[in-house]
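From a predicted model like this one, the values you see are computed outputs, not experimental measurements. By convention in this document, chain letters (A, B, ...) are assigned in the order of the sequence lines, proteins followed by strands, and residues within each chain are numbered from 1.
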2 protein chains.
Amino acid sequence: MNLRERKKRRTRDALLRAALELFATRGYEETTVDDIAAAVDVSQRTFFRYFAGKEETAFFVPRLAETLVVEALRTRPPDEAPLEALRRAVLESWDAINEAVVELVPIELHMRVYRVIESTPALLAAHLRRSAELEEQLACIIAEREGLDVDLDPRPRIVVALFGGVIRVTERLWSAGDDVTLDGMRQLTTTYLDQVGPALAGNWRARPSP
Amino acid sequence: MNLRERKKRRTRDALLRAALELFATRGYEETTVDDIAAAVDVSQRTFFRYFAGKEETAFFVPRLAETLVVEALRTRPPDEAPLEALRRAVLESWDAINEAVVELVPIELHMRVYRVIESTPALLAAHLRRSAELEEQLACIIAEREGLDVDLDPRPRIVVALFGGVIRVTERLWSAGDDVTLDGMRQLTTTYLDQVGPALAGNWRARPSP
DNA sequence: TGTCAACTGTCAGTGGCTGTCACTAGCCTC
DNA sequence: GAGGCTAGTGACAGCCACTGACAGTTGACA
């Protein structure tokens with residue numbers, strides 16, 4: 001790799017880390033782009049040459065994770081049922097995600113930023129839109145696996161919507177709780193996905209929960 | 001109603017209509033707040049006294065609709081199963097929604113704006129966040145109906161997430177298609193909700209779709 | 001009719017973001 | 001290894017959403 005390229009990557013990583021650090025400590029809205037640029041000692045203009053906007057820094061890590069999940073689903077054995085494939089893809093990609101993230105920022109920082117995302121309206125909105133886009137991708141893959149047309153058969157989008165909903169509920173609970181380990185997340189996801197069946201089974205009071 | 005209050009309402013409605021009209025014809029990003037204010041011949045500052053931001057005008061009508069859906073769910077007979085109550089609440093509130101919307105803006109304008117919302121990233125993001133908030137409300141109502149604690153039992157949030165997912169898929173299809181009538185929407189919603197069962201039933205290829 | 005309070009316009013300022021232009025530092029060729 | 005080329009940068013000017021402060025205007029009400 002060139003000196004030039006190395007230098008570029010170094011500034012980008014520095015900007016990224018500085019931004020996330022500031023978001024996590026001071027808050028997103030309270031951090032100006034000038035602050036971030038100043039922390040790395042470059043001009044504001046330079047910041048915008050690396051990131052399309054302030055928002056992009058906050059979602060740099062999540063974007064990585066999404067890529068890996070999509071990849072994981074693509075390589076699932078085609079005989080698995082849709083919901084099963086989704087579940088396994090997510091559960092199994094976490095190791096890869098963890099590995100990739102650590103390269104960029106301390107995992108603990110990422111967690112703090114995630115909480116900021118969930119509690120900042122503008123970021124939460126962006127997060128949900130990104131999730132919607134991811135779900136669209138996943139639906140397409142599912143449809144392809146099953147030999148269906150996403151636009152003709154609603155089922156791929158429906159399963160993915162359901163799945164995405166469960167994941168989002170899980171993420172929120174996970175980031176809010178204390179057990180921020182990988183296994184904790186896996187545990188939570190499995191438990192919640194297992195609740196889908198019961199949740200849809202008619203009147204809950206007829207068969208009380210354990 | 002006072003002359004003052006009437007005047008106020010008139011400016012607000014004028015601003016709202018001007019904004020929506022501009023969004024629908026020129027696009028959201030292409031419309032500045034100054035444009036909207038100028039169209040009604042008030043200062044930009046006045047616009048911000050009526051709406052918290054440009055975004056708020058775009059979601060004025062949807063907000064109304066949400067209120068009515070929540071209300072409809074609250075008055076559903078308590079013996080209905082959760083998913084059933086949600087389905088009926090939505091299906092039945094459309095008449096009320098339609099009625100309330102027409103008071104403010106031509107329904108056809110609202111439809112055009114809805115398409116703008118779905119095709120403008122910033123608005124889509126906001127829309128999804130609003131939906132998430134609505135879903136949280138609905139989950140709480142469901143939980144209350146069933147005598148559960150939303151934070152302890154995941155099922156209320158899961159059904160609502162599933163339901164919300166289906167509604168969103170439906171909305172998108174509806175606004176994209178040609179049949180923008182109320183009955184068309186009801187039809188679509190019913191069809192899609194009926195697909196939920198099959199979508200979750202294991203491997204789809206084992207029992208091919210009709 | 002005069003007083004008060006609500007509503008509005010003007011102005012100045014902040015923060016995100018973009019275009020432009022000149023300049024410097026790394027790269028590549030001769 | 002000197003020179004030109006170009007990617008990367010900083011400085012500056014400007015747009016747009018949004019906010020605070022202050023002054024002027026207009027409806028309400030005694």
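Set against dA5(C), dG26(C), dA17(D), the side chain of Arg4(B) has dA5(C) as its closest nucleotide. When distances run from any side-chain atom of Gln44(A) to the nucleotides dC18(D), dC11(C), dT18(C), the shortest one goes to dT18(C). Residue Lys7(A) has its side chain nearest to dA25(C) when only dC21(C), dA25(C), dG27(D) are considered.
The pair Glu108(B)-Arg112(B) counts as a salt bridge, with a side-chain nitrogen and a carboxylate oxygen less than 4.0 angstrom apart. Salt-bridge formation is not detected for the pair Lys54(B)/Asp35(B): no Lys NZ or Arg NE/NH1/NH2 atom is positioned less than 4.0 Å from an Asp or Glu carboxylate oxygen.
Regarding Leu15(A), its CG atom lies at a distance of 13 Å from the C1' atom of dG8(D), rounded to whole Å. If you take CZ of Arg26(A) and C1' of dG15(C), they are 14 Å apart, rounded to a whole angstrom. The CG-C1' distance, from Asp34(A) to dT18(C), rounds to 14 Å in whole Å. Distance Arg6(A) CZ to dG8(D) P: 14 Å, rounded to the nearest Å. Taking atom CZ of residue Phe48(B) and atom C1' of nucleotide dA21(D), one finds them 17 Å apart after rounding to whole Å. dG10(D) atom C1' lies 16 Å from atom CZ of Phe47(A), rounded to whole Å. Nucleotide dG27(D) holds its P atom 10 Å from the CZ atom of Arg10(B), rounded to whole Å. Remark: P of dT9(D) and CG of Asp41(A) are 13 Å apart, rounded to the nearest angstrom.
Sequence order on DNA chain D of the closest nucleotides to Thr32(B) and Leu3(B) puts Thr32(B) first from the 5' end.
Here Asn2(B) reaches the OP1 or OP2 of dA28(D): one of its side-chain N or O atoms lies under 4.0 Å away. The side chain of Tyr50(B) places no N or O atom within less than 4.0 Å of a non-bridging phosphate oxygen (OP1 or OP2) of dC7(C). Contact between the side-chain N/O atoms of Lys8(A) and the OP1/OP2 oxygens of dG8(D) is found at a separation under 4.0 Å.
Distance alone, capped at 3.5 Å, is enough to place a donor-acceptor pair between the Arg186(A) side chain and the Leu91(A) backbone. Not a single donor-acceptor pair under 3.5 Å links the side chain of Arg17(B) to the backbone N or O of Val105(B). Using modelled atom types, one side-chain atom of Tyr28(A) and one backbone atom of Glu55(A) make a donor-acceptor pair closer than 3.5 Å.
Counting atom types as modelled, Arg45(A) pairs a side-chain N or O with a base atom of dG19(C) as donor and acceptor under 3.5 Å.
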